[in-house]
Amino acid sequence: MSDIQITLPDGSARTLPAGATLRDLAAAIGAGLAKAAIAGKLDGEQVDLSAPLHDGARVEIITEKSPEALELIRHTTSHLMAQAVKQLFPETRVTIGPSVENGFYYDFDRERPFTPEDLEAIEAKMRELAAKAIPLERQLLPKADAVRLFTEMGESYKVEIIEALDVESVSLYRQGDFIDLCRGPHLPSTSWCKAFKLTSLAGAYWRGDEKNRMLQRVYGTAFPDKKQLDAHLERIEEAKRRDHRKLGRELDLFSFSDEVGAGFPIWHPKGALLRTVIEDFERKEHLKRGYDIVVGPQILKTELWQRSGHYDNYRENMYFTQVDEQSFGVKPMNCLAHMMIYKSHLRSYRDLPLRFFELGTVHRHERAGVLHGLMRVRCFTQDDAHILCTPEQLDAEIKGVISFVSDVMAIFGFEFEMELSTRPEKSIGSDEDWERATAALLAALKDSGRPFEINEGDGAFYGPKIDIKLRDCLDRRWQCATIQCDFTLPERFDLTYVDASGEKKRPVMVHRVILGSIERFIGVLIEHFAGNFPLWISPVQAIILTVTDSQIPHGETVFAELRAAGIRVQKDFRNEKLGFKIREAQLQKIPYMLIVGDKEVESGCVTPRFRDGKNLEPMTAAECIRFITQEAESFH
């Protein structure tokens with residue numbers, strides 16, 4: 001057999017015997033690489049080290065230092081966990097076990113729920129199996145043989161998966177006594193699973209469908225070494241301390257109630273005030289940028305949702321009701337009413353662009369399994385706007401939104417990332433319109449000078465979009481702002497304007513949000529600041545604390561002055577020890593405690609104290625008002 005020639009990432013060529021594998025290539029390059037190699041890329045596709053090479057192939061060796069290594073480690077560790085579960089609990093049936101952003105999970109079907117003690121036993125068994133350095137060996141089987149194999153093993157979920165595949169053969173991975181259905185690739189052996197931790201248990205419906213059986217999902221994480229694992233676990237603990245659901249209860253901001261229904265938050269006075277401060281800020285910022293504030297109804301005729309395409313493409317996420325024997329859809333988005341406002345007048349090119357802004361409350365049917373505090377709810381408010389403009393104005397409007405997002409994120413102290421999401425399989429509109437819309441977003445992104453990624457197939461059903469993900473203090477990404485370019489809905493609703501020559505033309509519509517869901521953004525704020533909100537958005541900016549009852553009259557006077565000046569102030573005049581009241585105020589994360597004792601009464605002052613315990617010099621009420629007001633205004 002003749003030799004083959006392959007090309008390495010640096011452009012150099014290597015000659016190898018026919019039938020050589022990636023493992024052979026690594027050994028030919030050097031002993032160090034052979035020892036470090038865990039997988040490879042063959043013509044851009046990830047493969048196992050055992051994959052045979054072909055003449056003319058472009059080849060890259062993957063080691064633990066490669067960007068792709070983390071996903072490989074986590075995916076193989078999920079298989080290691082499944083093997084441990086099957087050895088400890090043979091009656092358990094396995095389903096799927098992918099790697100995910102921060103680790104991996106595997107879904108299991110068994111009658112008795114796993115316990116925390118079970119997780120400890122599973123983890124111990126995983127360490128035992130890892131120490132044995134069990135090879136992971138890929139095997140291709142005809143589809144019928146694979147169905148027969150997993151049927152004999154009693155793994156009905158694997159059988160269901162295989163039968164749904166339109167393929168002639170499937171790949172399996174064998175590690176000792178465990179066999180799993182998987183495309184791969186995987187690490188060479190279990191010994192590469194060196195630093196892992198099982199983190200939590202959860203329920204999950206098979207295939208995400210509430211009609212199917214509830215499975216038990218075991219979450220875990222894995223890293224190349226213990227140092228990285230320990231740092232990640234510390235971040236998890238810090239995230240638990242910052243959990244917005246926990247802090248929301250402790251700070252009395254919001255609640256959820258089974259009597260009301262899952263996914264419907266109830267805002268308490270302080271939480272509603274926090275929302276109001278943020279929403280008032282948004283109204284001012286939009287008015288400064290030439291937006292008109294509008295308000296649309298909560299329900300619209302189903303016929304409108306059919307015309308827009310929502311009924312065919314988004315119906316499973318909507319709620320419907322009947323009024324006077326007429327079907328109505330509860331709005332999941334605000335765009336339809338905004339188009340009706342546009343259609344209410346004959347529009348000239350001189351009127352454009354029109355920017356309609358609404359803090360619109362929407363309802364979406366989310367599955368129970370994905371609901372998560374304020375981050376994923378069924379009722380939420382969007383800072384939603386729709387810009388209708390000429391095609392010539394489109395580039396400037398998209399750039400204007402990117403600039404708006406940048407300004408607002410800087411005020412809140414967030415860095416952000418951007419990605420362009422392209423046409424999904426389920427969509428409406430012509431190829432030409434999608435190409436025009438995608439090109440417009442792409443051009444604006446390139447001109448912005450900011451890095452961005454391409455997210456294939458994740459656009460809205462009516463147009464491509466720029467998704468903007470902010471980074472919090474724990475380096476987590478949160479989807480908030482989005483900019484969607486839409487040539488399709490203006491066509492469906494026959495939106496027109498009269499151009500300079502008197503001809504009717506079709507406007508372009510830009511759908512956009514800046515913060516996105518107000519609920520989700522507040523959840524992110526709570527966790528980012530650990531409840532220690534900046535003064536300007538803190539629902540309570542100051543609290544007046546008296547030492548004894550004799551200082552109450554002076555405290556009441558100061559309270560009235562601060563409240564009249566617009567300071568969000570509370571008072572604690574209870575007959576309790578001052579230390580106790582200070583501690584409670586600190587737990588409520590109130591920025592300033594204004595102490596009133598006998599000395600303060602005599603001098604007509606208060607003594608401000610930061611929530612971190614630092615004391616300031618005594619101030620009069622007027623001085624305190626100026627001090628707090630200046631600090632609050634310095635944030636934006």
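These numbers come from a predicted model, not from an experiment. Basis for what follows: all heavy atoms, side chains included, without hydrogens, waters or symmetry-related copies.
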Cation over ring face, R275 and W267, 6.0 Å, 45°: yes
Between R110 and F89, is NZ or CZ placed under 6.0 angstrom from the six-membered ring centre and within 45° of the ring axis? yes
Distance-minimising heavy-atom pair for V260 and I266: CG2-CD1, 3.6 Å
Okay, side chain of T422, backbone of G457: is any donor-acceptor separation there less than 3.5 Å? yes
Salt-bridge contact E64-K194 (side-chain N to carboxylate O under 4.0 Å): yes
Under 30°, 30 to 60°, or over 60°: which ring-plane class applies to [X] and [Y], parallel, tilted or perpendicular?
X    : Y    : answer
F223 : H232 : tilted
H363 : F264 : tilted
H75  : H186 : tilted
F414 : F521 : perpendicular

Kindly indicate, with the supporting measurements, whether the criterion side chain to side chain contact (heavy atoms under 4.5 Å, CB included) is fulfilled by V94 and Y106. CA-CA 8 Å; V94 296; Y106 212 113; 3.7 Å; yes
I need the full list of ring-ring contact (aromatic ring centres under 6.0 Å, His included) pairs touching residues 26-53, with sequence neighbours left out, sorted by first then second residue.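 Not a single pair qualifies under ring-ring contact (aromatic ring centres under 6.0 Å, His included).
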For a salt bridge (Lys or Arg N to Asp or Glu O under 4.0 Å) with R477, tell me which candidate from E419, E417, E415 qualifies. E417
Of the options W206, F108, F150, which is the one that meets Y157 in a ring-ring contact (aromatic ring centres under 6.0 Å, His included)?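 One option only clears the test, and that one is W206.
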Counting only heavy atoms not in D10, do more than 12 sit closer than 6.0 Å to its CG atom?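 Result for CG/D10: enclosed.
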Pairwise distance CD1(I96) to SG(C182) - rounded to 0.5 angstrom: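 It is 11.0 Å, given to the nearest 0.5 Å.
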Could you check R174 against Q139 for side chain to side chain contact (heavy atoms under 4.5 Å, CB included), going step by step and ending with a plain yes or no? CA-CA 8 Å; R174 182 186 297 273; Q139 179 182 3; 3.9 Å; yes
Among I454, T482, D467, exactly one meets side-chain contact (heavy atoms from CB on, under 4.5 Å) together with S421. Which residue is that?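 Among I454, T482, D467, the one meeting side-chain contact (heavy atoms from CB on, under 4.5 Å) with S421 is D467.
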